[in-house]
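Worksheet: one structure, shown below.
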Amino acid sequence: MIAKLAKTCTLRISPDKLNFILCDKLANGGVSMWCELEQENFFNEFQMEGVSAENNEIYLELTSENLSRALKTAQNARALKIKLTNKHFPCLTVSVELLSMSSSSRIVTHDIPIKVIPRKLWKDLQEPVVPDPDVSIYLPVLKTMKSVVEKMKNISNHLVIEANLDGELNLKIETELVCVTTHFKDLGNPPLASESTHEDRNVEHMAEVHIDIRKLLQFLAGQQVNPTKALCNIVNNKMVHFDLLHEDVSLQYFIPALS
């Protein structure tokens with residue numbers, strides 16, 4: 001999933017969590033991502049030592065596809081070990097113990113080149129602050145949404161996402177020749193969103209954001225399985241924030257409005 005969303009990303013390792021981070025503000029048109037895994041849900045044994053006791057973290061930059069490819073070889077493995085090594089240059093070494101026909105095992109090792117990120121740059125890699133949304137709404141089935149957006153991309157590079165507190169979400173494109181809107185109804189809004197600051201607001205009032213359609217398609221293409229929870233938060237004319245939960249993995253993805 002991460003490899004589809006970001007060519008290179010930062011892996012943050014701390015004693016209880018692993019995070020995959022993208023906050024390449026300019027190069028990605030401001031797209032940012034924060035993906036979180038609780039390490040105890042994935043590893044039987046976990047040992048890490050950060051820079052110091054009070055900064056017990058490690059930040060690494062890596063090519064996501066390299067890690068994804070290495071882990072794919074471990075699908076039927078007896079054991080998998082990931083460790084930080086130095087082989088003339090820093091590596092994330094993935095050792096996969098595979099069972100062979102003769103019941104003896106063989107070890108396959110992948111050395112993934114990485115960059116260790118110095119502490120002075122950590123401040124740019126913190127969890128993004130989520131501004132209060134004007135509308136928060138549950139997303140439709142992502143596969144359906146993806147096929148709609150794919151068709152719209154043939155007509156326009158820009159798209160407007162609009163939603164209200166009455167469970168309605170619209171995807172709109174407009175060119176000089178044509179205007180196309182897809183309507184999703186009865187999606188539901190999370191309870192907090194409907195009750196909090198919006199008590200005096202018309203629930204049918206639409207909040208909207210104008211975004212690059214390719215950024216949205218890249219996000220939807222990265223979703224291989226429909227998540228347990230999928231939420232869309234719109235900050236009017238500023239950004240759209242997607243908040244997904246896949247069993248043990250949470251993903252936040254931010255797409256800024258086009259200026």
Side-chain angles (χ1 to χ4, degrees), residues 1-10 19-35 61 63-65 68 124-164 168-184 187 205-227 230-244 246 250-259:
M1 177 173 80
I2 301 293
K4 282 190 163 60
L5 295 178
K7 195 177 170 195
T8 56
C9 69
T10 300
N19 296 96
F20 290 97
I21 306 164
L22 174 73
C23 46
D24 198 351
K25 291 283 181 277
L26 297 170
N28 291 294
V31 168
S32 52
M33 162 187 89
W34 181 269
C35 179
E61 188 183 289
T63 304
S64 342
E65 183 57 40
S68 165
D124 302 329
L125 296 165
Q126 299 311 303
E127 184 167 2
V129 177
V130 184
D132 283 340
D134 293 291
V135 165
S136 191
I137 189 167
Y138 291 112
L139 283 168
V141 174
L142 297 181
K143 209 171 170 184
T144 310
M145 197 170 161
K146 181 181 165 219
S147 65
V148 167
V149 176
E150 272 171 346
K151 292 181 180 75
M152 288 180 157
K153 183 176 161 281
N154 298 329
I155 306 169
S156 171
N157 291 330
H158 306 152
L159 168 126
V160 173
I161 297 187
E162 57 174 21
N164 63 19
E168 296 174 329
L169 180 132
N170 302 329
L171 302 175
K172 291 199 304 194
I173 49 169
E174 276 180 42
T175 66
E176 287 171 8
L177 298 173
V178 67
C179 172
V180 181
T181 308
T182 301
H183 303 272
F184 295 96
L187 294 173
H205 176 76
M206 290 283 181
E208 65 169 52
V209 66
H210 190 169
I211 59 170
D212 182 331
I213 201 164
R214 289 163 305 183
K215 306 267 189 288
L216 177 60
L217 203 53
Q218 188 176 15
F219 163 72
L220 292 168
Q223 308 312 311
Q224 306 298 302
V225 283
N226 213 45
L231 204 55
C232 169
N233 297 312
I234 296 175
V235 182
N236 205 29
N237 296 321
K238 289 224 175 103
M239 64 141 65
V240 59
H241 163 228
F242 296 103
D243 187 1
L244 306 190
H246 289 273
S250 73
L251 172 72
Q252 296 185 68
Y253 196 77
F254 301 80
I255 305 176
L258 291 167
S259 50

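Counting heavy atoms from C-beta outward, Glu208 and Asn237 have side chains that approach closer than 4.5 Å. In this structure, Cys232 and Val240 have side chains that are in contact, with non-hydrogen atoms separated by less than 4.5 Å. Put simply, the side chain of Ile173 does not reach to within 4.5 Å of the side chain of Cys179, judged on heavy atoms. Here the side chains of Val235 and His241 are not in contact, with every heavy-atom distance at 4.5 Å or above. Using a 4.5 Å heavy-atom threshold, the side chains of Leu258 and His158 count as touching. Two residues are said to be in side-chain contact when any heavy atoms from C-beta on lie closer than 4.5 Å; Ile213 and Met152 meet this criterion. In this structure, Leu216 and Leu159 have side chains that are in contact, with non-hydrogen atoms separated by less than 4.5 Å. Two residues are said to be in side-chain contact when any heavy atoms from C-beta on lie closer than 4.5 Å; Gln218 and Lys4 fail this criterion.
Side-chain atoms of Ser64 come within 3.5 Å of backbone atoms of Lys7 as a donor-acceptor pair (strictly under, hydrogens ignored). A donor-acceptor pair is defined here as one N or O able to donate and one able to accept, closer than 3.5 Å; no such pair exists between the side chain of Thr63 and the backbone of Thr8.
Side-chain contact annotation: Thr181 with Asn170, donor-acceptor N/O pair under 3.5 Å absent. Glu168 and His183 share no side-chain donor-acceptor pair at under 3.5 Å. A donor-acceptor contact closer than 3.5 angstrom is absent between the side chains of Gln252 and Asp243.
Nearest heavy-atom pair, Met33 versus Tyr253, reported as atom, atom and distance to 0.1 Å: CB-CD1, 3.9 Å. The heavy-atom pair separating Met239 from Val209 by the smallest distance is N-CG2, 3.7 Å. Minimum interatomic distance between Leu251 and Gln223 (heavy atoms only, all atoms of both residues): CD2-NE2, 3.8 Å. Heavy atoms only, all atoms of each residue included: Lys153 and Leu217 are closest at CD-CD2, 3.3 Å. Across Ser156 and Thr175, no two heavy atoms sit closer than the pair CB-CG2, 4.1 Å. Closest heavy-atom contact between Gly222 and Met1: O-CG, 3.1 Å.
In this structure, Asn236 has no side chain to side chain donor-acceptor pair (under 3.5 Å) partners at least two apart in sequence or on a different chain. Contacts of Glu65 classified as side chain to side chain donor-acceptor pair (under 3.5 Å), with partners at least two apart in sequence or in another chain: none. Judged as a ring-ring contact (aromatic ring centres under 6.0 Å, His included), and not counting sequence neighbours, His246 has no contacts. Listed by chain and number, the residues in a side chain to side chain donor-acceptor pair (under 3.5 Å) with Asn19 are Arg12, Glu36 (sequence neighbours excluded). Remark: Glu150 engages no residue in a side chain to side chain donor-acceptor pair (under 3.5 Å) (not counting sequence neighbours). Legend: residues meeting ring-ring contact (aromatic ring centres under 6.0 Å, His included) with Tyr138, ordered by chain and number and at least two apart, are absent.
Taking CG from Leu177 and CD1 from Ile155, the interatomic distance works out to 10.5 Å, rounded to the nearest 0.5 Å. Atoms OG1 and CG, from Thr144 and Leu139 in turn, are 11.5 Å apart once rounded to the nearest 0.5 Å. One finds the CG atom of Asp134 at 13.5 Å from the CE atom of Met206 (value rounded to the nearest 0.5 Å). Taking CG of Leu169 as the start and CG of Asn164 as the end, the distance is 9.0 Å to the nearest 0.5 Å. The structure places NZ of Lys172 at 12.0 Å from CD1 of Ile161, a figure rounded to the nearest 0.5 Å. Here CH2 of Trp34 is found 4.0 Å from CD1 of Ile21. Values are rounded to the nearest 0.5 Å.
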key: Check against side chain to side chain contact (heavy atoms under 4.5 Å, CB included), Phe20 and Leu5   = CA-CA 11 Å; Phe20 290 97; Leu5 295 178; over 6 Å; no
task = Kindly indicate, with the supporting measurements, whether the criterion side chain to side chain contact (heavy atoms under 4.5 Å, CB included) is fulfilled by Glu174 and Val180.
result = CA-CA 6 Å; Glu174 276 180 42; Val180 181; over 6 Å; no
request  = Would you check, one step at a time, whether the test side chain to side chain contact (heavy atoms under 4.5 Å, CB included) holds for Leu142 with Leu244?
outcome  = CA-CA 11 Å; Leu142 297 181; Leu244 306 190; 4.3 Å; yes
inquiry  = Pair Ser136, Leu231 - check side chain to side chain contact (heavy atoms under 4.5 Å, CB included), show working.
reply    = CA-CA 7 Å; Ser136 191; Leu231 204 55; 3.8 Å; yes
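Ring-plane geometry between Phe219 and Phe242 is classed as parallel, the angle between the planes falling under 30 degrees on a 0 to 90 degree scale with a further cut at 60.
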